[in-house]
Amino acid sequence: MTNKKLLLIDGNSLAFRAFYAMYNQLDRMISHEGLHTNALVAFNNFLDKIVDPMAPDLALVAWDAGSGKETHRGKLFPEYKDGRSKVPEEFKEQFPYLREMVMLHGLRNYEQAGLEADDIIGTYSRMGEAAGYSVIIVTGDQDLTQLATENITVNVTKKGVTDIESYTPAYIKEKFGLTPDQIIDKKALTGDTSDNYPGVTKVGEKTALKILAEYNNIDNLYDNIDKMKQSKMKDNLINDRELAFQARELATILTDAKLPLPLEEMEYRGVDFEKIIPFYENLDFKQHLAKIKALRKSGQLENTKEFDNGVNFVELKENNLRAIAMLGDKISVHIEFVGDNYHEGEMIGFAIGNPEVGYYASRDISLLQTEELKSVIENDQILKNVFNVKAQLVLFKRLGLALKGVSFDFMLVAYLLDTVANDNVLSTLAQRFDVYLAPDEDIYGKGAKFTVPTDTNLLLSHIAHKADGLFKLEKPAFTELKQHEQTHLYTDIELPLAFVLADMEYQGIKVNPEYLRNKGKDLSERIADIQSAIYIEAGEEFNLNSPKQLGVLLFEKMGLPVIKKTKTGYSTAVDVLEKLAPQAPIVDHILQYRQLAKLKSTYIDGLLSVIYPKDSKIHTRFLQTLTQTGRLSSVDPNLQNIPMRSEEGRLIRTAFIPSHPDWQIFGADYSQIELRVLAHVTGDKNMQKAFLNGEDIHAETARAVFGLADDAVVDPLKRRTAKAVNFGIVYGISDYGLANNLGIPRAEAKRFIDTYFQEFPQIHEWMNTIKTFAHEHGYVETIAHRRRYLPDIQAKNFNLRSFAERTAMNSPIQGSAADIIKIAMIKVNEALRENNLQARMLLQVHDELIFETPVDEIDELTEVVTNVMDSAVALDVPLKVDAHHGDTWYDAK
DNA sequence: AGATTCACG
DNA sequence: ACGTACGTGAATCTA
């Protein structure tokens, strides 16, 4: 059905692009022999990513012979290519290697005296077309688009060498309104500065397109030039008539050159792995060598013609559904969906299977709902490998299925192994384990150009490869997990938590859009009022949302003192504006404007835009594998930063309501969890005693730091100061930071800290111990062995190193608190089920859990939730939980 | 795409 | 002497 393929590559223009695509790497990419390799690396990427997967039947890389002077164009026009800047030495030295690389990738090099690469390509493209081939041209030179026909596609690099724009006659028509032939006429009129031939004076691309739209070609143009209305352009056209016809000749690519090499001699042979290894070694292509090694190990290098033949898959159809039952008790499952948001992203295909039996894949998602598939998906005795279990759980829920038996989630394991290197992308995470999968970008393109391939084989092969990759990854990933002593963390915390989170997200939280809309109207009016007041006070209108324009007004026009600067100019952040407020009434108005504008755009408009009309609910996604500490984060929308601190903002919470009548919102939060964790992990007896006695910890800290009697009443300022010190300790204290926060001199801050450490000596000791541990091991751990690597702990740069040290102190605290609430969530969910409660957990906000519940369950729920939470993990200090409920989230306080 | 600002724990 | 408080996400402006 598909034609045989002839691939023609414009070697010079692509090599040139390759060189400049990685020009910024020039000094970094030097082989041990001192050879620059930037163009070689980029060209090799092009061959790996574009040519090898395409597997053409015939392939040729055409090169220019000599400087261009001896070519037929040079003879026509002696100044041809004069004035070209000299080819850089660093580029020239890579040329011989380029040709060898081409050969080792199984393509033929070709050049011929008197011809340029484009003439070779022009001629062979016509020969190939005549012989019935689909011809694919790849070049960096847009002029070659003149060669496009129904059977000849011209791919022109846009950026770098792998980002390509495909020119077909239809595309050229759409883009320029021209036929491929008219590309030549366009060039005749505009000329070519880089090849040093002029066209018609003052005619550029725009004018040329206009002329051609009217006259079709330059023959017709000059036949009718007398009838053209008098204009400067007409004079130019008449004066430069000769130049135009000369330019046309120069721009015309030969399609009938005499070329001795017959098509049959261009057979594409694929990569010669034997010979390319020493070649890569010589150039220090470490990445590529690793890739080959991995392929060889997995036995994929038997057949060198097919670069990628390791995964067998069969398209699943109605008539072979029965085969699924024969896969056995261990499989990979993967539903592929579009975008990040699995609540709404379109499911475009799936694969299921294992290396022993093979893989079954289909675009037809409804096949998953057949009895044959359902009985496998929902069977918890059939163990499954997946990537991102939470996403797969939600996708299956959307299909009415309950995925069970998941044992290996590569995304979760990879995150636990190294939060720093984690980018949540299967193909890149797999590389760390020497498993090579095509990046999604290679299959779908990226950004606005994302498209699901129409080629079913290509799509299903990609998905099947993912499923297969999970099998290759399982063993090495689990081995490392065990070495880290993180098996418990994975099996008993993160994996079960994913199921809990999937339920919460899928359940969603109900929102009252009416409330938000009314609040929005109110805010709009008030924002408009404040805005006009500000404009009057400023004496001009400007963009209030622009810190830059605001800075000019406040600090230049009004001459207010500059308190803080940012990288780009004056800071206009709250703390700065608050200091300026007494000096000018406008500043206070700006602060009001900022607050209301934030509420309107982020919380009113933002939330309204993510309510699902179907159920009037918001379905956030909790990112389980993102933070460096083990906390969750929440996106689309973020429901972990709904306003609370200001009353005006807190009212937003009124919009969050139960999904049934006679239900309420219920919240339970840990009190001072991080300080309790601090008391536990440091073993500090004084702080532990405060918690064991149920003291107000900040007041107790104040008594210690200010040397007050045990029963002394603590005034609010001292308590506030002590609270800030406590926070500072948790954040990995420094006198500078504390001084800044409290607005006190550094020396005073230092005294607070010194006294604090005297009063809580084991905290001091622990801070030193943990920093030493980080220096020695390069990472720190939580109570559940959650690990955070700190590569900067050895940095020479003071800032980087200090930051790493503070992180070493903070992460075990913040991370252990995260461990605790995660364990609590799993246990709470179990307890709800065991107690036959209808209440549902909806949100987690780091130290609190939000539920919706029937009113008549509230007493029991309070009992169950607080008990489970405060006993989730046994620490050396008690955990305290407070619970609240009300008709809306706002009222649950 | 990066910087700034501000919302939360 | 150095000069940042820890962890996040969204909206907006600017280049």
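The analysis underlying the following values was restricted to heavy atoms, covering all of them including side chains, and did not include hydrogens, waters or symmetry mates. Within every chain, numbering begins at 1; the chains are lettered A, B, ... in the order of the sequence lines, protein sequences first and strands thereafter.
Applying the side-chain hydrogen bond (donor to acceptor under 3.5 Å, both in side chains) test to Q595(A) and every residue at least two apart in sequence or in another chain returns S646(A).
For dT4(C), its base sits under 3.5 Å from the side chain of S734(A) at one donor and acceptor pair at least. Between the side chain of Q640(A) and the base of dC8(B), no donor-acceptor pair under 3.5 Å is found.
The residue N545(A) sits close only to the backbone: its heavy atoms come under 4.0 Å of sugar-phosphate atoms, none of a base. Contact annotation for D636(A): backbone-only contact, meaning every heavy-atom pair under 4.0 Å involves sugar-phosphate atoms and none involves a base. Residue contacts for V845(A): at a heavy-atom cut-off of 4.0 Å it reaches the sugar-phosphate backbone alone, with no base atom in range. Note on A724(A): a base of the nucleic acid sits closer than 4.0 angstrom, heavy atoms only. Across all strands shown, G732(A) has no heavy atoms under 4.0 Å from either base or sugar-phosphate atoms. Residue I813(A) is classed as having no contact, given no heavy-atom separation below 4.0 Å to the nucleic acid. Base contact: N641(A) has a heavy atom under 4.0 Å from a base atom. As judged by a 4.0 angstrom heavy-atom cut-off over every strand, Q628(A) is placed among residues touching the sugar-phosphate backbone only.
Residue K893(A) qualifies as enclosed at atom NZ: its count of foreign heavy atoms under 6.0 Å is above 12. Heavy-atom neighbours of K750(A) NZ from other residues, nucleotides or ligands within 6.0 Å: at or below the threshold of 12.
At dG9(C), none of the side-chain N or O atoms of R621(A) fall inside 4.0 Å of OP1 or OP2 (strictly under the cut-off). Within the 4.0 Å cut-off from OP1 or OP2 of dG9(B), at least one side-chain nitrogen or oxygen of R645(A) is found. For dT5(B), the OP1/OP2 oxygens have no side-chain nitrogen or oxygen of R594(A) closer than 4.0 Å. For K548(A), a side-chain nitrogen or oxygen approaches OP1 or OP2 of dA15(C) to under 4.0 Å. Contact check, T566(A) against dT4(B): a side-chain N or O comes under 4.0 Å of OP1 or OP2. Note on R631(A): every side-chain N or O is 4.0 Å or more away from OP1 and OP2 of dG9(B). Under 4.0 angstrom from either OP1 or OP2 of dG2(B) there lies no side-chain N or O belonging to T568(A). Between dG7(C) and T629(A), no contact under 4.0 Å exists linking OP1 or OP2 to a side-chain N or O.
With rounding to whole Å, L523(A) atom CG is found 13 Å from dA7(B) atom P. Atom CG in N424(A) sits about 11 Å away from atom P in dG9(C), given to the nearest Å. As rounded to whole Å, 19 Å separates atom C1' of dG3(C) from atom OH of Y731(A). One interatomic measurement links the two molecules: CG of L639(A) to P of dG9(B), which rounds to 13 Å at whole-angstrom precision. Rounded to a whole Å, the CZ atom of R788(A) is 7 Å from the P atom of dT8(C). Atoms CZ (F542(A)) and C1' (dT12(C)) sit 15 Å apart, rounded to a whole Å. The CD atom of Q549(A) sits 16 Å away from the P atom of dT4(B) (whole-angstrom rounding). Regarding K723(A), its NZ atom lies at a distance of 11 Å from the P atom of dG9(B), rounded to whole Å.
F666(A) and H885(A) have parallel rings, their planes meeting at less than 30° on a 0 to 90° scale where 60° marks the start of perpendicular. Using a 30° and 60° split on the angle between ring planes, H777(A) and F773(A) fall in the parallel class, below 30°. W889(A) and F656(A) have perpendicular rings, their planes meeting at more than 60° on a 0 to 90° scale where under 30° would count as parallel. Using bins of under 30°, 30° to 60° and over 60° for the plane-to-plane angle, the ring pair Y535(A)/F542(A) lands in the perpendicular bin. Using bins of under 30°, 30° to 60° and over 60° for the plane-to-plane angle, the ring pair H698(A)/F727(A) lands in the parallel bin.
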Would you write the dot-bracket representation of DNA chain C, where each base gets (, ), [, ], | or . depending on whether it forms a Watson-Crick or G-U pair under 3.5 Å and with which partner?
-> .....|||||||||.
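For the pair R653(A) (side chain) and I642(A) (backbone), a donor-acceptor distance under 3.5 Å is present.
Each of dA10(C), dC2(C), dA5(C) was ranked by its minimum atom distance to the side chain of N638(A); first place goes to dA10(C). Among the nucleotides dG9(B), dG3(C), dG7(C), the one closest to any side-chain atom of F803(A) is dG7(C). For N799(A), the side-chain atoms get nearest to dT4(C) when compared with the rest of dT8(C), dT4(C), dC13(C). Checked against dT4(B), dG9(B), dC6(C), the side chain of D847(A) finds its nearest nucleotide in dG9(B). With distances taken from any side-chain atom of A573(A) to the nucleotides dC8(B), dC6(C), dT5(B), the minimum falls on dT5(B). For V635(A), the listed nucleotide lying nearest its side chain is dA10(C); candidates were dG3(C), dG9(B), dA10(C). Checking dT5(B), dT4(C), dA15(C) against every side-chain atom of T572(A), the shortest atom distance belongs to dT5(B). Minimum atom distance to the side chain of D735(A) is reached by dG3(C), of the listed dG3(C), dG9(B), dT4(B). Distance from the side chain of L626(A) is smallest for dG9(C) among the nucleotides dC6(C), dG9(C), dA5(C). Checking dC8(B), dG9(C), dT8(C) against every side-chain atom of L623(A), the shortest atom distance belongs to dG9(C).
Residues from residues 598-609 of chain A that place a heavy atom under 4.0 Å from any atom of DNA chain B, listed by number: K598(A), Y603(A).
Salt-bridge annotation for D870(A) and K880(A): absent, with no side-chain N of the basic residue lying under 4.0 Å from a carboxylate O of the acidic one. Ion pairing between a basic and an acidic side chain is recognised when a charged N comes within 4.0 Å of a carboxylate O; E505(A) and K390(A) show such pairing. A salt bridge is absent between D340(A) and R621(A): the closest approach of a Lys/Arg side-chain nitrogen to an acidic carboxylate oxygen does not fall below 4.0 angstrom. By the 4.0 Å N-to-carboxylate-O rule, R786(A) lies close enough to E494(A) to be salt-bridged with it.
Stacking between F798(A) and the base of dC2(C) is absent under the criterion of ring centres within 5.5 Å and planes under 30 degrees. In this structure, the aromatic ring of Y736(A) is not positioned over the six-membered ring of the base of dA5(C) within 5.5 Å between centres and 30° between planes.
Of the two residues contacting DNA chain C, namely S634(A) and I733(A), the nearest-nucleotide position lying further toward the 5' end is that of I733(A).
Nucleotides dA7(B) and dG3(C), compared at atom P, are 29 Å apart to the nearest Å. Spacing between dC6(B) and dC2(C) at atom C1', rounded to whole Å, works out to 29 Å.
The shortest side-chain heavy-atom distance between Q844(A) and Q640(A) falls under the 4.5 Å cut-off.
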